[in-house]
Amino acid sequence: MNDFWIITTASLVALNTAILGSFLIMRKMAMIGDAISHAVLPGIVIAYFISNSRASFPILVGAAVSGLVVTALIQFFSKKVKLQNDASIGISYTFLFAIGIILISAFGTNVDLDQECVLYGEIAYVPIDLIYWGNQSIGPRQFWILFSTAIIIVTAVIIGFRKLVLTTFDESFAAALGINIVFWQYYLMASVSLTTVVSFESVGAVLVIAFISGPPATAFLITRSFKQMIMYAIGFGISASILGYYTAVWLNGSIAGAMAAVIGLQFALVFSIVKFRQRSRIQDIPVSGA
Amino acid sequence: MMNFLKEILSFLSFSEPNVKVVFWGSLVLCGISGLVGTFTLLRKRSLIGDVISHSVLPGIALAFILGKQKNLIYLIIGATITGWISTYLVDYITRNSKIKNDTAIALILSVFFGTGVLLLTHIQHSGNASQSGLDQFIFGRASAMNMTDVWLFAGAGIIIIISTAILFRGYTLISFDEGYARAIGFPVEWLKLILSITTVITVAMGVQAVGVVLMSALLITPSAAARFWTNNIRVLTILAVVFSAFSGVFGSAISYTYQGMPTGPWIVVVVSLIAFISALTGSKTGLLKSLLLRRSNNRKILKENTIKIFYPLSLQGTPEKYYSLEELSVASDTPVKILSKGLSVLKNDHLIEGNSSLGFRVTAEGRRESRAIVRKHRLWELYISRFMNLQPDHVHDDAEGIEHVITPEIEKELEEELNFPLLDPHEKEIPYDQL
């Protein structure tokens, strides 16, 4: 039963991130996911500390606040003092992440958090933390949180699908049609932030990025339509969760780490196949005039 | 606070022998990251620094698995190899597929790091006793260094400093204009390769102090902070090294003094604070500096626009006549609020005399000033109407902006170019001083 809950939880993370990641990588915003997932840490730690619980609402508020702080910092550096964009992002999120780690070390004894779990989550403990309905256990808390998030994300993307796609692929055309580009950008960013914060606890900061960038990138290599790409990305994400779990059991190592490794292998495999077929196709072309 | 300072001072007094190791270790490691990071920043490859620092983790773990012990040289070699492979892969994927650069960065970074975590946890669970402390590479622990490590770092540091000094011109060229560097025959590919290997080695060593997660900050932040103080690349490099080394020592002092405090995050917080202070007060592009500059520009424009109002008036009446605020406002079509602000600036600079009840009139110096600004305006109008074939009714707005930035030298050239004209395109007199 434990296997089932861990794999299901990871698959829900994979579902959410595959959908949103597909949009992000088409918008060249994959690193924004990286920045957000690091930068929300101090807010989460302070929320843990103040509310003295792992209740989800204060954590979401804390994460949202530090999300705003990192956006403001990046804006300050790139707009107010004209620092180049990549450096502005780099400075801002490393600073907030460092503050978060220091806070964890300072409050360490009071708060049920440690430095490593921030990075690679604690998906192995998911089945222990159960929710009860009356006296009956109805499954792990993380599962239900991620399940509700998945419903929110899938609904949000279905509602906004046409406009999200338009603003992603042809911004000026979308603007010409009178679509509010900024609104849809924030719509997407809000969904990404929600997913990141919620997935944080199970897979950790860095591995959210693996899920956001990996499966969509692999799917992108072999698809021609965007809808198909999202479907394939979900497929790759979920299969990476399953294979990753058994790899971790086999190697007796971190589950989230193994999932990231499998995501990498999937990409490498698909990439080589695509390259190989391209090459043989080029060789098949008859040389004209010969 | 006093207690805190005392602790830091006791650290810097080297009262315990191990303190010396930590001090020199973090000084050297952070110093060379500042040096190498300058080029990472200038080549806009800050995020590649992030990839390298995350990707050294699997190398460290593999080196431990293969070498079966925590030998620093093996670990650095392992780290350098996977770190270098990661940058190569990012470039390869970007070049050979439709995947965008930032996606490749995010993918390689997280997959390498995840693999590193998998291997590390595998080692930890395998029950090998000598593995303890391997996880310190994630957040860094300067106090875990020993004197042999420091000598190794110092040796590598000297090689990096010498090679950078020799190749400085080449690095500078490829940072600013790769095409030009290639055109004048610099071995660009070699320079890029050497710089990239240097960066990877620096990161591989630096994770000892800062940890893999935050190492990229040590490449980017010191030079970004230095950037606010100078436009000269040599000064930039030196400042970056100083900022970085200072943060390294200060951060490791804190982590050494307080048990359980990780080194890396403190170093990053200190260097980030330096960056914030630099962003605010930096003497080149700092916020304060640009605010002051903007203020002094606005003041100059306001002053010149206000003194200009007196020029047509002085042509009509006698110079002794006082004009009230309302008269001036009507004559110049300027709101009273802006006008009175401008008048107080002029009075401060002794260009006008009088007060609000008596009215205002220009002083001799003020008259000269008002003629000067009108002269520049009309010279420019004539210049662009003659040389750009603009209609006379199109030239006013352009001159309105440019009159404030024409220096005496440009003015002289305009006069000579136009052969000391008497009338502007609107048939109005151009007022010269000596007539």
Side-chain angles (χ1 to χ4, degrees), chain A residues 24-26 28-31 33-34 38 76-77 80-84 86-91 94-95 97-102 105-106 108 115-116 119-120 206-214 216-217 220-221 247-248 251-254 256-261 263-265 267 271 274-275, chain B residues 41 44-47 49-50 54 93 96-122 125-126 135 138-139 213-214 216-217 219-221 223-224 227-228 260-262 264-269 272 275 279-280 282 285-287 290:
Chain A
L24 285 182
I25 73 166
M26 298 317 291
K28 299 184 198 155
M29 285 167 65
M31 287 309 281
D34 187 35
H38 282 85
F76 169 78
F77 276 117
K80 280 270 176 205
V81 290
K82 308 258 167 21
L83 191 66
Q84 64 202 45
D86 58 337
S88 309
I89 296 177
I91 294 182
T94 49
F95 172 66
F97 191 70
I99 297 259
I101 297 294
I102 289 174
S105 316
Q115 298 170 2
E116 277 78 24
L119 282 175
Y120 30 99
V206 174
L207 301 162
V208 174
I209 331 288
F211 273 118
I212 285 184
S213 58
F220 183 48
L221 289 173
T247 313
L251 285 176
N252 190 14
S254 154
M259 289 175 182
I263 288 173
L265 288 179
F267 181 83
F271 191 91
V274 169
K275 277 284 126 194
Chain B
L41 179 91
K44 304 210 162 47
R45 284 172 71 90
S46 304
L47 295 174
D50 212 14
H54 281 81
I93 292 173
N96 290 291
S97 74
K98 47 182 182 174
I99 305 274
K100 311 272 188 325
N101 185 249
D102 70 316
T103 308
I105 288 177
L107 175 78
I108 296 295
L109 176 158
S110 54
V111 167
F112 271 64
F113 185 75
T115 311
V117 168
L118 174 67
L119 292 173
L120 217 56
T121 43
H122 170 71
H125 297 161
S126 69
D135 54 341
I138 292 180
F139 291 114
V213 179
L214 291 166
S216 65
L219 286 178
I220 313 163
T221 314
S223 41
R227 194 66 192 79
F228 293 113
M261 276 294 174
W266 273 109
I267 296 180
V268 172
V269 165
S272 302
L280 293 175
T285 52
L287 188 65
S290 49

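On a predicted model such as this, the values are computed, not experimentally measured, just so you know. Letters go in sequence order (proteins before strands), and every chain restarts at 1.
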>> Before you tell me yes or no, could you show the steps for B/Ile108 and A/Phe267 under side-chain contact (heavy atoms from CB on, under 4.5 Å), namely the whole-Å CA-CA distance, both residues' side-chain angles and the distance that decides it to 0.1 Å?
In response: CA-CA 10 Å; B/Ile108 296 295; A/Phe267 181 83; 6.0 Å; no
> Would B/Asn101 and A/Lys28 count as a side-chain contact (heavy atoms from CB on, under 4.5 Å) if you check the C-alpha gap in whole Å, the side-chain angles of each, and the deciding distance to 0.1 Å?
Replying inline: CA-CA 8 Å; B/Asn101 185 249; A/Lys28 299 184 198 155; over 6 Å; no
> Where do A/Phe97 and B/Val268 land on the side-chain contact (heavy atoms from CB on, under 4.5 Å) test, with the steps shown first?
Replying inline: CA-CA 9 Å; A/Phe97 191 70; B/Val268 172; over 6 Å; no
>> Determine whether A/Ile25 and B/Lys100 satisfy the following criterion, side-chain contact (heavy atoms from CB on, under 4.5 Å), listing intermediate values before the conclusion.
In response: CA-CA 8 Å; A/Ile25 73 166; B/Lys100 311 272 188 325; over 6 Å; no
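Distance CD1/A/Ile89 to CG/B/Leu47: 6.5 Å, rounded to 0.5 Å.
Judged as a side chain to side chain contact (heavy atoms under 4.5 Å, CB included), and not counting sequence neighbours, the contacts of A/Ala261 are B/Thr115, B/Leu118. Every residue was checked against the side chain to side chain donor-acceptor pair (under 3.5 Å) condition with A/Thr94, not counting sequence neighbours, and none meets it.
Side-chain atoms of B/Thr121 come within 3.5 Å of backbone N or O of A/Ser254 as a donor-acceptor pair. A donor-acceptor pair is defined here as one N or O able to donate and one able to accept, closer than 3.5 Å; such a pair exists between the side chain of B/Asp102 and the backbone of A/Ala30. Side-chain N or O atoms of B/His122 include none that pairs as donor or acceptor with a backbone N or O of A/Asn252 at under 3.5 Å.
Interface remark: A/Met259 contributes no atoms to any contact with chain B (heavy atom separation under 4.5 Å). For chain B, no part of A/Leu265 is nearby; none of its heavy atoms comes within less than 4.5 Å. Proximity to chain A (any heavy atom under 4.5 Å) is restricted, for B/Phe228, to the side chain, taken from C-beta onward. For B/Asp50, the part sitting under 4.5 Å from any heavy atom of chain A is the side chain, from C-beta outward, and nothing else. The part of A/Leu83 that comes within reach of chain B is its side chain, from C-beta onward, which places non-hydrogen atoms under 4.5 angstrom from that chain. Of the two parts of B/Lys44, the backbone and the side chain both hold a non-hydrogen atom closer than 4.5 Å to a non-hydrogen atom of chain A.
For the set A/Gly90, A/Ala258, A/Ala217, the count of heavy-atom pairs under 4.5 angstrom toward chain B peaks at A/Ala258. If you tally non-hydrogen atom pairs under 4.5 Å between each of B/Ile99, B/Ile220, B/Ile105 and chain A, the highest count goes to B/Ile99. Note on B/Ser223, B/Ser46, B/Ser290: by heavy-atom pairs under 4.5 Å with chain A, the leading option is B/Ser46. Taking A/Ile263, A/Ile102, A/Leu24 one by one and counting their heavy-atom pairs under 4.5 Å with chain B, the maximum is reached by A/Ile102.
Contact annotation: the side chain of B/Trp266 never approaches that of A/Ile101 to less than 4.5 Å [non-hydrogen atoms, C-beta and beyond]. Taking 4.5 Å as the limit, every side-chain heavy atom of A/Val274 sits out of range of all side-chain heavy atoms of B/Ser97. Contact check for A/Asp86 versus B/Arg45: no side-chain heavy atoms found under the 4.5 Å cut-off.
Annotation for A/Ala98 and B/Val269: closest pair CB-CG2, 3.8 Å, computed over non-hydrogen atoms. Counting all heavy atoms, side chain and backbone alike, B/Ser110 lies closest to A/Ser213 at OG-OG, 4.1 Å. The minimum heavy-atom distance between B/Leu107 and A/Gly214, with the atom names listed, is CD1-CA, 3.2 Å. Between B/Ala275 and A/Phe77, the closest heavy-atom pair is O-CE2, 4.4 Å.
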